[in-house]
Amino acid sequence: MATVITFDCAPERWYLALLGFAEHFRTSSPPKIRLCVHCLQAVFQFKPPQRIEARTHLQLGSVLYHHTKNSELARSHLEKAWFISQQVPQFEDVKFEAASILSELFCQQNLVDSAKPLLRKAIQISQQTPYWHCRLLFQLAQLHTLEKDLVSACDLLGVGAEYARVVGSEYTRALFLLSKGMLLLMERKLGEVHPLLTLCGTIVENWQGNPIQKESLRVFFLVLQVTHYLDAGQVKSVKPCLKQLQQCIQTISTLHDDEILPSNPADLFHWLPKEHMCVLVYLVTVMHSMQAGYLEKAQKYTDKALMQLEKLKMLDCSPILSTFQVILLEHIIMCRLVTGHKATALQEISQVCQLCQQSPRLFTNHAAQLHTLLGLYCISVNCMDNAEAQFTTALRLTTHQELWTYIVTNLASVYIREGNRHQELYSLLERINPDHNFPVSSHCLRAAAFYIRGLLSFFQGRYNEAKRFLRETLKMSNAEDLNRLTACSLVLLGHIFYVLGNHRESNNMVVPAMQLASKIPDMSVQLWSSALLKDVNKALGNTMDAHEAAQMHQNFSQQLLQDHIAACSLPEHNLISWTDGPPPVQIQAQNGPTTSLASLL
């Protein structure tokens with residue numbers, strides 16, 4: 001955000017006049033930046049004293065950095081502001097703002113090694129200026145985080161927390177500690193996360209200050225708790241925290257922003273704007289609904305969040321909004337694939353590609369997820385070779401253990417369907433063995449690994465072993481309300497009992513599977529269940545029920561077939577062949593569907 005051009009205390013009328021003109025041009029609609037720059041450059045013609053000279057260099061550097069592409073000239077002015085201001089006593093605001101903006105510019109130019117020592121020097125000499133000392137610590141910690149150096153970032157946040165405690169700012173101490181907790185969660189250092197979050201909870205509850213600041217701390221704290229539960233696949237255990245978070249954001253939306261500035265300058269921070277927090281709460285609600293299998297609820301909250309994001313992006317170009325948008329789209333794409341809306345899912349995958357084209361950093365952070373989504377789409381349209389290629393690409397691009405495990409689980413399902421990839425399949429299954437050294441702590445992923453084992457045993461005709469694995473999946477999925485895994489396990493158990501000739505027990509499995517699949521709704525499980533119900537009822541002599549199930553199966557088949565043809569006819573379908581480099585800019589149309597429909601019928 002551009003620095004407002006402020007008047008210095010200098011009495012010279014020429015200076016005040018030039019500043020007034022410059023600010024008028026900067027705030028014009030549209031801004032007249034060239035004229036603003038001319039006015040500021042004119043200040044140097046008067047050979048001003050050092051204070052005015054340094055401030056004018058800062059103002060010019062800031063205007064050029066925020067409003068033009070002339071980064072070299074902006075850098076020159078900011079370096080002069082930083083150099084001159086260090087020679088002027090009691091000139092902290094100009095000195096540290098120059099250091100802060102200059103380090104941002106260095107990062108933009110990929111000169112991170114120039115930004116770090118600059119920020120370290122500024123941190124070293126700012127200890128008597130609490131606001132700037134804290135702000136610069138946050139900035140350097142963020143820089144280390146972007147470089148994936150989470151250890152250095154955590155160390156800096158720890159230093160900031162202790163400094164905030166010493167200068168009597170429990171609010172900013174909590175911000176530093178919560179930020180550190182977020183990074184520890186990213187590093188999976190759960191042993192350090194739990195005591196830190198407990199301490200944060202105590203600080204947040206005991207702090208008495210601005211109500212919006214207090215509630216924003218609570219939102220930050222609860223978001224960390226909710227995402228921690230969701231990462232662990234505990235969608236039932238998370239519900240009390242999620243409910244508190246939703247109540248908290250409702251409270252914030254009723255509070256008016258208080259214009260009274262805090263008495264402690266170290267408290268002059270906000271975690272996120274109120275509107276961004278609302279979108280974030282929608283986002284974690286969507287994540288929960290997706291994992292739990294409440295897909296209509298996920299759709300509802302995604303629509304609300306995307307509508308809010310569109311409004312915000314008209315006024316705010318903050319990169320975090322694009323990140324929120326991509327994560328929301330990633331989740332709703334998974335929902336579409338489950339509910340039988342592949343064509344819409346494919347168009348939304350293309351939308352994620354377009355967002356990633358606009359931001360290299362966004363693509364770097366989401367490339368593995370994008371290829372994973374394409375892999376899931378390929379499975380849904382029975383393009384198994386492409387699915388394998390997409391998942392293999394995603395595995396190459398990710399270092400995230402949970403995502404790696406999720407991809408391997410889906411790749412194993414591809415190998416099981418292909419039926420002739422035994423060596424590769426057993427190699428994968430060894431790495432996600434739910435009975436021994438499972439790679440992540442996620443309850444949901446471990447339950448899914450049991451299901452994959454059950455599926456393989458079923459295809460191999462080892463039915464008793466399959467039942468053992470599937471009962472383990474059911475036990476785990478029931479414990480945490482994992483509705484999709486429950487439905488899949490029930491229908492597969494029903495299929496096993498049907499093959500074994502136990503039609504009554506098969507019916508007892510398939511009926512609740514169908515009910516649950518309809519509630520989700522999961523189109524593939526509904527298709528599978530209806531086919532099985534038709535055969536089970538026929539075997540039991542229930543002619544009417546068998547006819548009804550056959551009709552349902554026909555309806556589901558037609559819906560899926562139409563959607564399949566629509567998806568494969570889209571030009572975006574060619575994305576299934578993209579496995580290297582950035583997303584393709586243009587996607588050429590093809591003549592029509594080229595994939596087998598056998599898996600749908």
Side-chain angles (χ1 to χ4, degrees), residues 1-23 26-27 36-37 39-67 71-107 114-140 143 156 159-160 163-164 166-169 172 261-269:
M1 196 170 138
T3 305
V4 174
I5 297 169
T6 54
F7 295 168
D8 202 279
C9 57
E12 289 88 344
R13 289 181 181 178
W14 57 264
Y15 177 56
L16 298 179
L18 286 170
L19 272 186
F21 280 128
E23 181 65 356
R26 190 188 73 82
T27 56
C36 171
V37 169
C39 291
L40 290 171
Q41 285 174 329
V43 170
F44 300 125
Q45 302 298 318
F46 292 87
K47 303 286 189 293
Q50 277 190 319
R51 292 179 76 86
I52 292 177
E53 186 184 2
R55 188 182 291 277
T56 305
H57 279 302
L58 171 61
Q59 291 163 337
L60 270 166
S62 179
V63 167
L64 289 164
Y65 172 63
H66 289 108
H67 295 281
S71 54
E72 285 306 314
L73 188 56
R75 174 179 169 177
S76 173
H77 282 295
L78 291 167
E79 285 176 335
K80 287 173 184 173
W82 167 239
F83 177 73
I84 297 167
S85 62
Q86 290 179 76
Q87 303 167 32
V88 180
Q90 297 180 330
F91 210 35
E92 279 72 16
D93 278 358
V94 168
K95 181 163 50 187
F96 299 128
E97 188 171 350
S100 177
I101 299 174
L102 183 55
S103 69
E104 278 182 34
L105 189 148
F106 282 145
C107 291
S114 298
K116 286 180 191 170
L118 172 62
L119 284 172
R120 287 194 199 103
K121 172 77 183 292
I123 287 166
Q124 185 184 350
I125 62 176
S126 65
Q127 293 191 34
Q128 302 306 312
T129 315
Y131 167 73
W132 277 109
H133 190 65
C134 291
R135 178 168 160 177
L136 293 163
L137 281 166
F138 275 126
Q139 192 170 346
L140 185 54
L143 179 51
L156 282 164
V159 169
Y163 176 83
V166 169
V167 297
S169 173
T172 301
L261 291 176
S263 57
N264 189 336
D267 285 347
L268 285 166
F269 294 96

Taking C-beta and beyond as the side chain, do [X] and [Y] meet within less than 4.5 Å on heavy atoms?
X     : Y     : answer
Ser76 : Lys80 : yes
Pro48 : Thr56 : no
Trp82 : His57 : no
Val37 : Leu60 : yes
Arg26 : Gln59 : no

Shortest non-hydrogen contact between [X] and [Y], atoms and distance:
X      : Y      : result
Leu105 : Ser71  : CD1-O, 3.7 Å
Ala81  : Ala54  : CB-O, 3.6 Å
Ser85  : Lys95  : OG-CA, 3.3 Å
Ala266 : Pro130 : CB-CB, 3.9 Å

Atom pair [atom1]/[atom2] of [X] and [Y] - distance to nearest 0.5 Å:
X      : Y      : atom1 : atom2 : answer
Ser62  : Glu104 : OG    : CD    : 9.0 Å
Ile101 : Leu78  : CD1   : CG    : 6.0 Å
Leu136 : Phe96  : CG    : CZ    : 7.0 Å
Leu58  : Phe91  : CG    : CZ    : 8.5 Å
Lys116 : Leu140 : NZ    : CG    : 8.0 Å
Glu23  : Leu40  : CD    : CG    : 9.5 Å

Trace of the side-chain contact (heavy atoms from CB on, under 4.5 Å) decision for His133 with Arg135: CA-CA 6 Å; His133 190 65; Arg135 178 168 160 177; over 6 Å; no
Look only at the side chain of [X] and the backbone of [Y], and say whether a donor-acceptor pair between them is shorter than 3.5 Å.
X      : Y      : value
Tyr131 : Asp93  : no
Asn264 : Val167 : yes
Thr129 : Trp132 : no
Gln139 : Ser100 : yes

Phe46 atom CZ, neighbour heavy-atom count above 12 within 6.0 Å: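 More than 12 within 6.0 Å, yes.
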Parallel, tilted or perpendicular: ring planes of Phe44 versus His77, cut at 30 and 60 degrees: parallel
